[in-house]
Q: 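One structure coming up, written as structure tokens, with questions to follow.
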Amino acid sequence: MSKGLTSRNDDYSQWYNELVTKADLAEHSAVRGCMVIKPYGYTIWEKMQAALDTMFKDTGHSNAYFPLFIPKSFFSKEASHVEGFATECAVVTHYRLKNDGAGNIVVDEEAKLEEELIVRPTSETIIWNTYRGWIQSYRDLPILVNQWANVVRWEMRTRLFLRTAEFLWQEGHTAHATEQEAIEEAERMLEVYADFAENWLAVPVIRGKKTANERFAGALETYCIEALMQDGKALQAGTSHFLGQNFAKAFDVKFTSKEGVLDYVWATSWGVSTRLMGALIMAHSDDSGLVLPPKLAPVQVVIVPIYKNDDELNRISTYVDGLIPELKAKGISVKYDDRDTQRPGFKFAEYELKGVPVRLAIGSRDMDNGTVEVARRDTREKVTVAQNGLVAHIEQLLVDIQQNIYQKALQFRTENTTEVNSYDEFKRVLDEKGGFISAHWDGTPETEKQIKEETKATIRCIPLNNKQEAGVCMVTGKPSTQRVLFARAY
RNA sequence: CGGGAUGUAGCGCAGUCCGGUAGCGUGCUUCGUUCGGGACGAAGAGGUCGCAGGUUCGAAUCCUGUCAUCCCGACCA
């Protein structure tokens with residue numbers, strides 16, 4: 001491991017790339033656009049999965065699994081859906097290889113699939129084709145299903161975690177008897193995402209609706225949570241879609257209501273992906289490395305002994321051997337790093353790079369005094385604490401760190417959210433400060449497109465429960481009833 | 001997919017213009033001294049120069065193709 005990390009000020013992109021690889025979260029694979037998620041990174045993802053999965057179960061959902069491959073014909077059944085995804089689909093055309101006689105393995109042209117298969121970029125089509133067989137009556141509804149899966153979107157430009165050709169996610173797909181119920185479901189799941197982002201990732205998010213331009217292909221309404229990264233760019237952290245009856249109509253999924261009326265089923269879908277790892281990294285980390293929220297950190301407390309000889313180490317280890325079970329009993333994950341091959345300073349730097357929230361350093365001086373040095377990763381403060389009462393101190397410290405990094409991110413977002421009233425001011429703030437910009441917009445896709453072309457900023461969302469206020473569009477001067485949030489985005 | 005850059009030891013790089021069988025830092029191994037913020041000394045190991053062709057007596061170096069990564073653009077959850 002080489003020393004040092006490019007600083008965020010020098011080159012934010014490079015800082016991010018180095019951090020992801022040096023902190024052992026992920027690395028590039030031999031396959032274009034595809035990454036290897038390493039054990040340390042995957043452990044964080046598993047913790048996210050576990051928390052989200054519990055939240056899905058608590059809201060009545062069950063997991064299932066649908067195929068990786070989707071018959072090409074399914075895609076063309078929903079017009080806007082196919083249009084949205086057509087340009088980034090991987091397609092399976094053959095099912096066999098052969099030896100060409102010259103020692104090369106080639107595709108066997110005789111083994112051509114009668115119907116080509118799409119590697120799923122999302123699963124609405126295969127799932128709604130399946131739901132047709134599951135639903136006849138209002139008694140079969142609602143269907144509340146989630147799947148954890150990989151999907152493939154052949155992106156032109158990729159970045160570790162933020163946009164990869166293959167990524168891991170969950171996709172919820174629900175079916176309802178009424179429009180109202182489906183809308184409520186979409187809103188409920190958005191709130192689950194917001195809750196998760198704020199209480200687990202410690203990333204404050206804006207809950208909002210997408211404009212027509214930014215809406216999911218095939219949805220009537222797309223709800224989203226938007227987060228702000230430290231470089232002033234926005235990141236969409238999760239989406240929840242109200243799909244209306246679009247997929248039910250495309251796949252002919254009807255049910256008989258209590259009143260005996262035949263109608264199409266109402267749908268939602270919602271998802272978050274390994275992109276959340278990117279949000280986690282860019283929201284909190286600093287020039288020394290990762291800063292992880294305690295609730296998602298693979299290791300919450302690391303203990304580093306400081307000693308000159310075996311006698312001193314043994315004395316410290318005896319104490320630590322008693323301490324570890326106490327911490328574990330409180331549900332705290334601990335690692336005792338008694339490797340003799342690295343010196344303490346090296347270990348300090350390494351665990352800072354990897355974002356371990358709390359570090360304990362224990363030396364002979366501490367053993368004499370009955371103390372421990374406690375360092376917190378988020379503020380880099382070090383304090384000496386009595387061994388008596390240490391466990392309670394750490395327990396509280398983990399709670400404090402979780403809250404502190406959330407508050408810090410919230411303060412950053414507040415300071416980097418700017419109201420502007422003219423297009424000139426908009427452009428100036430965008431270039432000089434970045435962040436979210438709250439401005440009046442005339443509500444037309446044309447104006448939104450113009451702004452995007454001229455400034456690269458997009459409307460991230462129309463916040464839910466948005467304050468209504470009379471104003472004029474900063475570009476066209478047409479009347480507007482509310483401000484919307486703009487930003488340059490990942 | 002277009003423009004630019006890069007690919008040489010685990011990692012970071014020099015060498016490429018001007019062809020002659022590969023070097024530096026770090027990391028790794030062993031031993032010793034060290035150990036409260038990325039230790040020091042000594043001795044060692046480690047490279048099909050991204051891959052495939054071609055030119056040449058000889059290619060990391062020149063030519064062609066290809067793959068991957070980074071930056072810019074286009075595209076996009």
Side-chain angles (χ1 to χ4, degrees), chain A residues 1-6 11-14 16-18 21-22 24 27-35 81 83-89 104 121-122 151-165 167 169 171 210 213-219 222-226 234-241 269-276 278-279 288-289 304-310 312-313 316 338-353 359-369 371-375 380 382 384 452-453 456 458 460-461 489-490:
Chain A
M1 198 180 316
S2 57
K3 280 188 195 178
L5 201 58
T6 298
D11 188 336
Y12 195 83
S13 289
Q14 200 182 336
Y16 176 83
N17 289 333
E18 284 181 10
T21 51
K22 289 188 175 180
D24 266 344
E27 62 187 38
H28 290 284
S29 70
V31 185
R32 178 195 178 89
C34 295
M35 65 178 167
H81 191 66
E83 196 181 332
F85 286 107
T87 58
E88 47 185 359
C89 285
N104 302 309
T122 181
V151 287
V152 169
R153 296 180 186 175
W154 214 260
E155 301 289 351
M156 292 301 172
R157 223 172 132 183
T158 59
R159 292 197 66 190
L160 294 171
F161 290 120
L162 297 173
R163 178 174 281 111
T164 45
F167 56 94
W169 78 343
E171 46 181 326
K210 286 296 188 189
N213 277 344
E214 300 278 325
R215 208 172 278 155
F216 175 75
T222 289
Y223 300 87
C224 63
I225 52 171
E226 292 283 330
L235 181 79
Q236 178 179 296
T239 49
S240 177
H241 314 290
S269 67
W270 28 274
V272 294
S273 70
T274 36
R275 185 178 234 206
L276 288 176
S288 302
V304 178
I306 293 155
Y307 57 94
K308 294 188 186 1
N309 53 54
D310 282 352
E312 290 190 6
L313 176 60
I316 295 163
D338 61 352
R339 285 178 299 173
D340 192 37
T341 51
Q342 260 71 32
R343 298 168 80 252
F346 180 91
K347 294 177 184 175
F348 292 173
E350 187 176 26
Y351 292 114
E352 278 166 13
L353 179 63
R359 182 189 71 226
L360 307 182
I362 307 173
S364 286
R365 221 157 58 213
D366 290 304
M367 293 307 295
D368 292 341
N369 299 336
T371 58
V372 169
E373 182 193 83
V374 180
R380 312 195 67 181
K382 291 190 282 197
T384 299
K452 185 179 177 181
E453 278 165 20
K456 290 182 192 168
T458 50
R460 300 320 302 157
C461 69
Y490 278 100

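Keep in mind that this is a model prediction, so the values were computed, not measured. Order of the sequence lines fixes the chain letters, A, B, ..., with proteins taken first and strands second; residue numbering starts at 1 for each chain.
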Q: What is the distance, to the nearest angstrom, from the CG atom on L360(A) to the C1' atom on G37(B)?
A: 16 Å

Q: Could you list the protein-to-nucleotides 65-70 of chain B atom pairs, N/O on both sides, closer than 3.5 Å?
A:
{"unit_1": "U69(B)", "atom_1": "OP1", "unit_2": "G33(A)", "atom_2": "N", "d": "2.7"}
{"unit_1": "U69(B)", "atom_1": "O3'", "unit_2": "H28(A)", "atom_2": "NE2", "d": "3.2"}
{"unit_1": "C70(B)", "atom_1": "OP1", "unit_2": "H28(A)", "atom_2": "NE2", "d": "3.3"}

Q: Nearest to the side chain of E350(A), heavy atoms from C-beta on, is which of G38(B), C76(B), A39(B)?
A: G38(B)

Q: Rounding to an integer number of Å, can you tell me how far F85(A) CZ sits from C75(B) C1'?
A: 14 Å

Q: Paired with U29(B): which nucleotide, if any, by Watson-Crick or G-U wobble criteria at under 3.5 Å for both distances?
A: A43(B)

Q: Would you mind telling me which of G37(B), A39(B), C72(B) lies closest to the side-chain atoms of R157(A)?
A: C72(B)

Q: Roughly how many Å apart are U56(B) and A74(B), using the C1' atom of each and rounding to a whole number?
A: 43 Å

Q: Go through C76(B), C71(B), G37(B) for me and flag the one nearest to the E352(A) side chain.
A: G37(B)

Q: What is the separation between atom CD on E88(A) and atom P on A74(B), rounded to the nearest whole Å?
A: 17 Å

Q: Can you find an N or O donor on one side and an acceptor on the other, under 3.5 Å apart, linking the side chain of R359(A) with the base of G37(B)?
A: yes

Q: Over how many whole Å does the gap from L353(A) atom CG to G27(B) atom P extend?
A: 15 Å

Q: What's the gap between G65(B) and U26(B) when it is taken at their P atoms, as a whole Å value?
A: 40 Å

Q: Can you check the distance between G25(B) and G38(B), where both ends of the measurement are the C1' atom (answer in whole Å)?
A: 15 Å

Q: F167(A) CZ to C76(B) P: how many Å, rounded?
A: 15 Å

Q: Which part of the nucleic acid does Q14(A) contact within heavy-atom distance under 4.0 Å: base, sugar-phosphate only, or nothing?
A: nothing

Q: Test your reading of the model: is there a side-chain donor-acceptor pair from E312(A) to the backbone of K308(A), 3.5 Å cut-off?
A: yes

Q: Is there a Watson-Crick or G-U wobble partner for G36(B) with both distances under 3.5 Å, and which nucleotide is it?
A: none

Q: Searching all strands shown, indicate the nucleotide that pairs with G65(B) (Watson-Crick or G-U wobble; both distances under 3.5 Å).
A: C51(B)

Q: For R460(A) and P305(A), take the nucleotide of RNA chain B holding the closest heavy atom to each; which residue's nucleotide lies nearer the 5' end?
A: P305(A)

Q: So which one's nearest nucleotide on RNA chain B is more toward 5', K452(A) or R365(A)?
A: R365(A)

Q: So what's G2(B) paired with, Watson-Crick or G-U wobble, going by both distances under 3.5 Å?
A: C72(B)

Q: For N17(A), does its backbone N or O pair with a side-chain atom of T21(A) as donor and acceptor, under 3.5 Å?
A: yes

Q: Distance criterion of 3.5 Å, no angle test: do you see the side chain of K382(A) paired donor-to-acceptor with the base of G37(B)?
A: yes

Q: Across the strands shown, which category fits D366(A) at heavy-atom distances under 4.0 angstrom: base, sugar-phosphate, nothing?
A: base

Q: Is there a donor-acceptor contact under 3.5 Å from the side chain of D11(A) to the main chain of S13(A)?
A: yes

Q: Return the CD1 to OH distance between I362(A) and Y307(A), rounded to the nearest 0.5 Å.
A: 13.0 Å

Q: For U61(B) and C49(B), measure between their P atoms and round to the nearest Å.
A: 9 Å

Q: Could you give the CD-to-P distance, from Q342(A) to C28(B), as a whole number of Å?
A: 7 Å

Q: Can you tell me how far P in C70(B) sits from the matching atom in U29(B), rounded to whole Å?
A: 30 Å

Q: What pair of heavy atoms forms the shortest contact from C34(A) to S29(A), and how long is it?
A: O-OG, 2.5 Å

Q: Taking CG from L162(A) and P from C76(B), how many angstroms apart are they, rounded to a whole number?
A: 19 Å

Q: Could you grab the distance from atom CD of E352(A) to atom OG of S288(A), nearest 0.5 Å is fine?
A: 5.5 Å

Q: Could you tell me the separation between the CE atom of M156(A) and the C1' atom of C1(B), rounded to a whole number of Å?
A: 5 Å

Q: Determine which nucleotide pairs with G12(B), using a 3.5 Å limit on both distances of a Watson-Crick or G-U wobble pair.
A: C24(B)

Q: Hey, does R380(A) reach any base, or is it just sugar-phosphate, or nothing, if we go heavy atoms under 4.0 Å?
A: base

Q: Using purine N1 to pyrimidine N3 plus N6-O4 or O6-N4 for Watson-Crick, or N1-O2 and O6-N3 for G-U wobble, both under 3.5 Å, which nucleotide pairs with C18(B)?
A: none

Q: Roughly how far apart, to the nearest Å, are G20(B) and G15(B) at atom C1'?
A: 14 Å

Q: Could you tell me the Watson-Crick or G-U partner of A60(B), where both distances fall under 3.5 Å? Say none if there is no partner.
A: none

Q: Taking atom P in both A5(B) and C31(B), what distance in whole Å separates the two?
A: 49 Å

Q: Pick base, sugar-phosphate or nothing for S364(A), based on heavy-atom distances below 4.0 Å to the nucleic acid.
A: base

Q: Would you say the side chain of L235(A) lies within less than 4.5 Å of the side chain of R275(A), judging by non-hydrogen atoms?
A: yes

Q: Expressed as a whole number of Å, how far does the C1' atom of G7(B) sit from that of C51(B)?
A: 11 Å

Q: Cation-pi between R163(A) and Y490(A): NZ/CZ under 6.0 Å from ring centre and within 45° of the ring axis?
A: no

Q: Measure from the side-chain heavy atoms of D340(A) and tell me the nearest of C35(B), G37(B), C76(B).
A: C35(B)

Q: With F216(A), which residues qualify under ring-ring contact (aromatic ring centres under 6.0 Å, His included), at least two apart?
A: H81(A), F85(A), H241(A)

Q: Within the distance-only criterion (no hydrogens, no angle test), does the side chain of D366(A) pair as donor or acceptor with the backbone N or O of G363(A) below 3.5 angstrom?
A: yes

